2 protein chains.
Amino acid sequence: MKWKELEEEPCSMARTIGVIGDRWTLLILRECFLRTRRFEGFQSALGITRHLLAERLKKLVRQGILRRIPYQESPKRHEYILTQKGLDLYPIMMAIVHWGDTHMVDERGRPLLHQHRKCGKDFDPVMVCSECGEPLSAKGVHTHPGPGARSAPAAAAPTTSKTKARSRAA
Amino acid sequence: MKWKELEEEPCSMARTIGVIGDRWTLLILRECFLRTRRFEGFQSALGITRHLLAERLKKLVRQGILRRIPYQESPKRHEYILTQKGLDLYPIMMAIVHWGDTHMVDERGRPLLHQHRKCGKDFDPVMVCSECGEPLSAKGVHTHPGPGARSAPAAAAPTTSKTKARSRAA
DNA sequence: ATTGACAGTTCTATTTTAGAACTATATGTT
DNA sequence: AACATATAGTTCTAAAATAGAACTGTCAAT
């Protein structure tokens, strides 16, 4: 599969994965949320090759996740700042961190704690239903096709090639 | 960087990314949550090469995210089922889908809707503070080092190589 | 005049992934 | 008996992505 295609699939997850679903992009975004803004900052924090870093930053800017803003003239220098679209990735980041905190920590415990400014306490992120406020779990949720679904509710139109992907929505 | 190292970094995000942070793994997990269980099911739903699929499934089993369970003898056949550790990835999946629903849908709208069995309504996932129940945003949260932090709060011990990554915790 | 900071670009070597074909075991069909 | 089908892989080569290092260009400071 070419990863370009991913962004056009009728699946919100596939599309999102097409944009942020690789290791370096995710790590770059971590740095963004930790307030790194400059090329050298990302490079030295991550040990990513300069080539790939330049490439990924361009992609994130193209996708509207980062904005490239000049912070000095002569020589021209820019900072990379999260847009609102980028800031909206926060729940994904928190969910990833929380899973790691739950399943991947060693004896030493969590590397980083999160304090909610509003209530002042160290917290865990909890995902709840927007309608009733109750916590969500895989088993408590039923998925069904929405207006953007590609195929009829039941069976997807079979494709000709046997190795081609079936159409699958999410 | 070798991706093996990632799993040993003092950062819950890096460790998690080391396990699930690549395109195919994420898409395989999507299928798991959509109740795909068998090799051929994953293969035809995703169009992934059989080679990579076998490789990724092995890794997910090794990581305790999937369990390989026999469903028939002669010839021996197995299904791949999410463990609790795997089911705990649900908030990550939902967060990814929700971001896509918000920022990546076309005119047609969302491909898939989610209904909360408990309250019966179609919902969006909302990430809230475990302590006060208020919604979370990047700006409303302050991070600080926890017991597993590698370095002193301020500066990390500098590594020898200039291209080596600085230690960074999350 | 030289050094250093910053933000890249360019190059080759290595690793990963794509794509297709092949293996193996058992069942069902002609 | 011979052949096709289903399932779950493995093996192979070609193409693409990434690693690692060196290089470019602009300006400030020494």
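The structure presented is a predicted model; accordingly, all values stated were derived computationally and were not measured. Each chain gets a letter, A, B and so on, in the order the sequences are listed, and its residues count up from 1.
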Open item on the list: Students often get this wrong, so: under 4.0 angstrom with heavy atoms, is B/Arg56 touching a base, only sugar-phosphate, or nothing?
Closed with: sugar-phosphate

Open item on the list: Expressed as a whole number of angstroms, how long is the span from A/Tyr71:OH to D/dC27:C1'?
Closed with: 12 Å

Open item on the list: Does D/dT10 have its OP1 or OP2 closer than 4.0 Å to a side-chain nitrogen or oxygen of B/Lys58?
Closed with: yes

Task: Atom-pair distance (CZ on A/Arg77; C1' on C/dG4), nearest Å - done: 12 Å

- [ ] Look at the aromatic rings of B/Tyr80 and B/Phe42 and report parallel, tilted or perpendicular, splitting at 30° and 60°.
- [x] perpendicular

- [ ] Report which part of the nucleic acid B/Phe42 touches: base, sugar-phosphate, or nothing (heavy-atom distance under 4.0 Å, all strands).
- [x] nothing

- [ ] Kindly say if A/Trp24 contacts the phosphate of D/dA17, meaning a side-chain N or O under 4.0 Å from OP1 or OP2.
- [x] no

TODO: For B/Glu55 and for B/Glu73, find the nucleotide of DNA chain C with the closest heavy atom, then tell me which residue's nucleotide is more 5'.
DONE: B/Glu55

Open item on the list: Within the 4.0 Å heavy-atom criterion, would you say B/Ser74 contacts the bases, only the backbone, or no part of the nucleic acid?
Closed with: sugar-phosphate

TODO: Could you tell me whether B/Arg110 and B/Asp122 have a side-chain N and a carboxylate O separated by less than 4.0 Å?
DONE: no

Open item on the list: It should be established whether B/Arg50 places a side-chain nitrogen or oxygen under 4.0 Å from OP1 or OP2 of nucleotide C/dT17.
Closed with: no

Open item on the list: Can you see if the side chain of A/Tyr80 gets near the phosphate of C/dC6 - specifically, an N or O under 4.0 Å from OP1 or OP2?
Closed with: no

TODO: Mind checking A/His51 for me? I need base, sugar-phosphate or nothing, with any heavy atom below 4.0 Å counting as a touch.
DONE: base

